[in-house]
Amino acid sequence: FCFEWKRFAESGFQRLKTKLPINMDATNNGLQILSMLTRCEMGCKATNVIRTDGVADIYQTVAYRAEALMKEDARKHHAFAQSWLDYGINRKTTKRPVMCISYGLTRYSNRQYILDWFEDKIHADKCPSPFCDKEYYAAVHYLANIVWQAIEEVIDLPKKCMAWLQDVSRVLSNHQRPLLWATPSGFVVKQDYRKIKESRVATYITGEALWVRFREDTEDISPSKQSMGVAPNLVHSLDSAMLHLVVNAANDRGIYDFSMIHDSYGTHCKNTDILAKVIREVAEEIFTEDYLRNWLDQIKEQNPDLEFVQQTARGI
């Protein structure tokens, strides 16, 4: 940009010629996809899928809900509620937990992210803790539970969808079978996490005796890894399929130059309006139909002897 601005200045600010890409980012891509899959009205609004009066911010939405829950607790004289309200929470408090929901957030990792945020506030932002040493971790645990509850209320259907995906995975894992599905672009995904066997070997390196650990896959499928991986992998498979289809559709409109990073779509500024339209058309093409039903049909076709529960958590 600096070099281009220099040339612009040397031309007497007559004409700015740029080769820089203009990028359009999704709003929390993982939750966008899960919200569209489940027709979750609140999730779609919070991630800017549904048109709203202003730009929605899912992280702030969750923070507002967490504040409301703590105000209720403060009225009941909860030990930590008013202290947290006085200290102040915002979108930074909830950003990492919300970002990681669609990629396997657990209560443990949620609590760790809240602790990381709190320690950053204390040390980087110079905002001293309002809690004594004995209260410190109990207060963090309380706030983590509040944020977890707020997330579950704001994105109820995506959370239920993730639980259902895990149920499907467990049925297959119980019969030692992997997950296999085709994305809307035709790419075939195989999820086949195996249990790991760890061994230790005694050896000598530079004259010293050492124990070297190494891991290798076994023949057994890992139910826990299959279960934890299915939702994030399905989301990633869909956002990659969308990128494939967007590029192909944009090619048909005469766009051949792209700057793509995951869920960030970019091209030259003269083609930005066209690309923006293509992105929306492809999203509509993928998510108008009940893709989760199609996904389960693929699983059933490969495993006709097994019984699966149909996904029922679906909104608008």
Side-chain angles (χ1 to χ4, degrees), residues 26-50 56 58-59 61-66 68-69 94-111 113 144-174 179 181 183-184 189 191 223-239 241-242 263 283 286-300 303 306-316:
T27 304
N28 194 310
N29 183 241
L31 281 178
Q32 270 191 342
I33 288 175
L34 287 170
S35 296
M36 288 188 286
L37 285 173
T38 57
R39 300 292 197 277
C40 176
E41 184 174 6
M42 186 174 289
C44 286
K45 284 182 178 178
T47 56
N48 296 295
V49 173
I50 295 176
I58 180 111
Y59 312 120
T61 300
V62 172
Y64 284 147
R65 183 57 192 147
L69 291 169
T94 61
K95 184 170 183 179
R96 284 189 72 190
V98 173
M99 283 181 67
C100 295
I101 274 289
S102 50
Y103 305 120
L105 182 78
T106 63
R107 284 187 175 272
Y108 174 81
S109 56
N110 173 60
R111 186 168 63 249
Y113 294 150
N145 285 340
I146 287 290
V147 170
W148 184 272
Q149 184 180 344
I151 289 172
E152 290 195 321
E153 290 182 12
V154 172
I155 51 172
D156 176 49
L157 292 181
K159 286 280 290 180
K160 289 178 179 176
C161 174
M162 293 172 68
W164 171 75
L165 291 169
Q166 292 176 348
D167 288 342
V168 173
S169 170
R170 291 189 192 99
V171 171
L172 290 169
S173 294
N174 289 339
L179 275 160
W181 70 89
T183 71
V189 180
Q191 181 181 299
S224 60
K225 290 180 181 178
Q226 289 289 99
S227 176
M228 288 297 293
V230 60
N233 286 334
L234 179 63
V235 166
H236 282 309
S237 75
L238 287 171
D239 65 38
M242 186 163 169
D263 61 337
I286 292 175
F287 297 105
T288 294
E289 295 185 9
D290 189 348
Y291 178 78
L292 289 176
R293 182 182 295 275
N294 172 274
W295 182 83
L296 183 59
D297 286 344
Q298 294 183 56
I299 305 298
K300 286 180 174 179
N303 304 275
L306 301 183
E307 292 290 329
F308 300 94
V309 176
Q310 182 67 46
Q311 207 282 129
T312 56
R314 194 170 167 83
I316 55 177

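Heads up: numbering here begins at 1 and tracks the sequence.
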Is the shortest side-chain heavy-atom distance between [X] and [Y] below 4.5 Å?
X: Arg39; Y: Leu157; answer: no
X: Leu292; Y: Cys161; answer: yes
X: Val147; Y: Tyr113; answer: no
X: Thr183; Y: Val189; answer: yes
X: Lys300; Y: Asn303; answer: no
X: Leu238; Y: Pro184; answer: yes
X: Ile286; Y: Met242; answer: yes

Quiz item: Given the rule in the side-chain contact (heavy atoms from CB on, under 4.5 Å) test, do Thr27 and Tyr59 qualify, once you have shown the distances and angles that lead to the verdict?
Solution: CA-CA 10 Å; Thr27 304; Tyr59 312 120; over 6 Å; no
Atom [atom1] of [X] and atom [atom2] of [Y]: how far apart are they, to the nearest 0.5 Å?
X: Trp148; Y: Arg111; atom1: CH2; atom2: CZ; result: 10.5 Å
X: Arg65; Y: Ile146; atom1: CZ; atom2: CD1; result: 9.0 Å
X: Glu41; Y: Ile50; atom1: CD; atom2: CD1; result: 5.0 Å
X: Met99; Y: Asn28; atom1: CE; atom2: CG; result: 7.0 Å
X: Trp181; Y: Gln191; atom1: CH2; atom2: CD; result: 5.0 Å
X: Met162; Y: Ile101; atom1: CE; atom2: CD1; result: 6.0 Å

Self-check item: Counterpart residues, ring-ring contact (aromatic ring centres under 6.0 Å, His included), relative to Phe308 (two or more places apart)
Solution: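 Phe308 satisfies ring-ring contact (aromatic ring centres under 6.0 Å, His included) with no other residue.
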Examine distances only and state if a side-chain atom of [X] and a backbone atom of [Y] form a donor-acceptor pair shorter than 3.5 Å.
X: Ser169; Y: Leu165; value: no
X: Asp239; Y: Asp263; value: no
X: Ser227; Y: Pro223; value: no

Quiz item: Between Asn294 and Gln298, does a side chain to side chain donor-acceptor pair (under 3.5 Å) hold up when you go through it step by step?
Solution: CA-CA 6 Å; Asn294 172 274; Gln298 294 183 56; 3.0 Å; yes
Quiz prompt | Minimum heavy-atom distance Pro97-Asn110, with the two atoms named | solution =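 Taking Pro97 first and Asn110 second, the nearest heavy atoms are CB-OD1, 3.3 Å.
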Quiz item: Which heavy atom of Ser35 sits nearest a heavy atom of Pro158, and at what distance?
Solution: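 Heavy atoms of Ser35 and Pro158 come nearest at OG-CG, 3.8 Å.
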Exercise. Using the test salt bridge (Lys or Arg N to Asp or Glu O under 4.0 Å), find all partners of Lys225 that sit at least two apart in sequence or belong to another chain.
Key: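 Lys225 satisfies salt bridge (Lys or Arg N to Asp or Glu O under 4.0 Å) with no residue once adjacent residues are dropped.
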Quiz item: Looking at residues at least two apart in the chain, or sitting in another chain, which of them share a salt bridge (Lys or Arg N to Asp or Glu O under 4.0 Å) with Asp167?
Solution: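 Scan of Asp167 (salt bridge (Lys or Arg N to Asp or Glu O under 4.0 Å), adjacent residues dropped) gives Arg170.
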Exercise. Could you walk me through whether Asp297 and Arg293 pass salt bridge (Lys or Arg N to Asp or Glu O under 4.0 Å), step by step?
Key: CA-CA 6 Å; Asp297 286 344; Arg293 182 182 295 275; 5.9 Å; no
Self-check item: Aromatic plane relationship, Trp295 with Trp164 - under 30° parallel, 30 to 60° tilted, over 60° perpendicular
Solution: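 Rings of Trp164 and Trp295: perpendicular, over 60°.
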Quiz prompt | CA sep, side-chain torsions, deciding dist, call: Ile155, Cys40, side-chain contact (heavy atoms from CB on, under 4.5 Å) | solution = CA-CA 8 Å; Ile155 51 172; Cys40 176; 5.5 Å; no
Quiz prompt | Asn29 and Gln32: CA distance, side-chain angles, deciding distance, side-chain contact (heavy atoms from CB on, under 4.5 Å) verdict | solution = CA-CA 5 Å; Asn29 183 241; Gln32 270 191 342; 4.1 Å; yes
Quiz prompt | Intermediate values then yes/no, side-chain contact (heavy atoms from CB on, under 4.5 Å), Leu69 and Glu153 | solution = CA-CA 11 Å; Leu69 291 169; Glu153 290 182 12; 4.0 Å; yes
Quiz prompt | Gln310 atom CD, neighbour heavy-atom count above 12 within 6.0 Å | solution =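 Yes, because the 6.0 Å sphere around CD of Gln310 holds more than 12 heavy atoms from other groups.
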